[in-house]
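One structure below.
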Amino acid sequence: MDLRKDADIIIKEALRRVMPDEAVAQALAGKCFHEGRIYLVAAGKAAWQMAGTAAAILGDRLQAGICVTKYGHVKGDIPKVRCFEAGHPVPDGNSFRGTQAALDLVSGLKREDTVIFLLSGGGSALFEKPPTSEEELSDITAQLLACGADITEMNIIRKRLSAVKGGRFAKICAPARVYSIVLSDILGDPLDMIASGPAYPDSSTCEQALAVIEKYGLRLSDRAMALLREETPRELDNVETVVTGSVRNLCLAAAQACEDLGYQP
């Protein structure tokens with residue numbers, strides 16, 4: 001028995017199972033979609049890898065797609081998919097342009113159509129359409145990053161200052177079905193918090209959002225404060241979500257690799 005060699009095998013197998021391409025392949029394996037058109041939208045730091053894998057699996061069934069990822073993360077062309085590189089952790093004009101392209105793609109779909117939505121960490125900045133000014137959104141994001149707010153507090157604010165977060169993207173896709181594949185970067189996999197939950201009902205409240213503003217003394221315009229008082233979608237009936245590539249999946253994969261080598265994890 002070579003403990004160092006076995007440990008290396010376990011680590012590599014655990015990491016392999018949660019890589020973006022492997023995670024998407026697992027989520028799409030054996031998945032059947034309606035006979036309608038299939039569109040793809042990918043957002044986050046792993047969006048290019050996820051979109052490339054999905055496009056290869058879907059082949060001719062894919063009509064078109066949009067990928068929005070961080071600068072320097074597009075490694076080549078993906079058939080039928082337009083790729084945008086944008087700002088992270090503070091959204092910029094390219095974030096807004098890429099997101100608008102995604103909204104244009106999914107507007108006017110029919111009930112038999114499907115949107116495959118690939119979401120990964122960083123999506124909160126990369127996938128964004130602000131109902132307030134772009135300059136103010138960038139300023140509020142910078143304030144949140146500087147004041148010490150945690151990721152949950154940041155997302156409670158960001159999802160209310162967005163036309164796509166907090167379940168609103170899924171509402172725009174309706175009546176088409178949304179098959180959401182989420183690469184989780186938050187412990188516990190809270191789906192309404194990962195990238196601020198564009199395709200998942202929101203569990204946070206207006207009161208929580210206002211409490212974050214007061215706690216950190218954030219400076220917002222009257223328009224932004226009014227947006228914080230608007231409730232986000234509480235129910236979505238056109239979404240199916242699969243969490244993959246999470247810390248939980250990492251641990252399960254490591255445990256399985258241990259068992260395969262004769263250890264009890």
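Just so you know, these numbers come straight off a predicted model, no measurement behind them.
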* State which residues pass side-chain contact (heavy atoms from CB on, under 4.5 Å) with A25; sequence neighbours excluded, sorted by chain then number. => T53, I57
* Using modelled atom types only, decide if a donor and an acceptor are shared between the side chain of K70 and the backbone of A86 within a distance under 3.5 Å. => no
* Indicate if L220 and L145 have the same hydrophobic cluster label, given that clusters are the connected sets of ILVMFWY residues with side-chain heavy-atom separations under 4.5 angstrom. => yes
* Asked: In Å, rounded to the nearest 0.5 Å, how long is the span from CG of L118 to CG of L28?
  -> 7.5 Å
* Asked: Does R4 come within less than 4.0 Å of D8, counting only side-chain N to carboxylate O?
  -> no
* Asked: So, does R16 use its side chain to make a donor-acceptor pair with the main chain of I11 at under 3.5 Å?
  -> no
* **Salt-bridge criterion met for R223 and E136 (N-O under 4.0 Å)** => no
* **OG1 on T241 to CG on L236, rounded to 0.5 Å** => 8.5 Å
* Under a 4.5 Å side-chain heavy-atom rule over Ile, Leu, Val, Met, Phe, Trp and Tyr, are I66 and V178 clustered together? -> yes
* **Spatial distance of atom CD (Q49) from atom CD (E22) [nearest 0.5 Å]** => 12.0 Å
* Asked: Mind checking whether I156 and M154 sit in one hydrophobic cluster, side chains of I, L, V, M, F, W, Y counted as touching below 4.5 Å?
  -> no
* Please name the pair of heavy atoms, one in A46 and one in P20, separated by the smallest distance, quoted to 0.1 Å. => CB-CG, 3.7 Å
* To do: Working to the nearest 0.5 Å, report the span between CG of D202 and CD of Q208.
  => 8.5 Å
* Quick one: does F96's side chain get under 4.5 Å of P130's, heavy atoms only? -> yes
* **From CA spacing to verdict: side-chain hydrogen bond (donor to acceptor under 3.5 Å, both in side chains), Y216, E153** => CA-CA 10 Å; Y216 294 107; E153 292 173 322; 2.6 Å; yes
* Would you mind reporting whether P175 and L109 have side-chain heavy atoms less than 4.5 Å apart? => no
* To do: Apply the test side chain to side chain contact (heavy atoms under 4.5 Å, CB included) to residues S95 and V68: give CA-CA distance (whole Å), side-chain angles for both, the deciding distance (0.1 Å), then the verdict.
  => CA-CA 7 Å; S95 305; V68 188; 5.6 Å; no
* Can you tell me how far CD of Q63 sits from CG of L58, rounded to the nearest 0.5 angstrom? -> 11.0 Å
* Checking side chain to side chain contact (heavy atoms under 4.5 Å, CB included) for the pair V81/W48: CA distance, chi angles, key distance, verdict? -> CA-CA 10 Å; V81 178; W48 182 83; over 6 Å; no
* With a 4.0 Å cut-off, would you call E128 and R158 a salt bridge? -> no
* To do: Taking the six-membered ring for Trp and the full ring for Phe, Tyr or His, determine whether the centres of F117 and Y179 are under 6.0 Å apart.
  => no
* Would you indicate whether the side-chain heavy atoms of I78 and C83 approach each other to under 4.5 Å? => yes
* To do: Give me the one residue out of R168, K159, R160 that meets salt bridge (Lys or Arg N to Asp or Glu O under 4.0 Å) with E231.
  => R160
* Identify, with sequence neighbours excluded, every residue that meets side-chain contact (heavy atoms from CB on, under 4.5 Å) alongside P79. => none
* **Steps toward side chain to side chain contact (heavy atoms under 4.5 Å, CB included) verdict (I9, D6)** => CA-CA 5 Å; I9 292 172; D6 288 350; 4.3 Å; yes
* **Salt-bridge present (R177, D113; N to O < 4.0 Å)** => no
* Distance in Å, C251 SG paired with Q256 CD, rounded so as to fall on 0.5 Å steps -> 13.5 Å
* Asked: With the threshold set at 4.0 Å, does a side-chain nitrogen-carboxylate oxygen contact exist between K31 and E240?
  -> yes
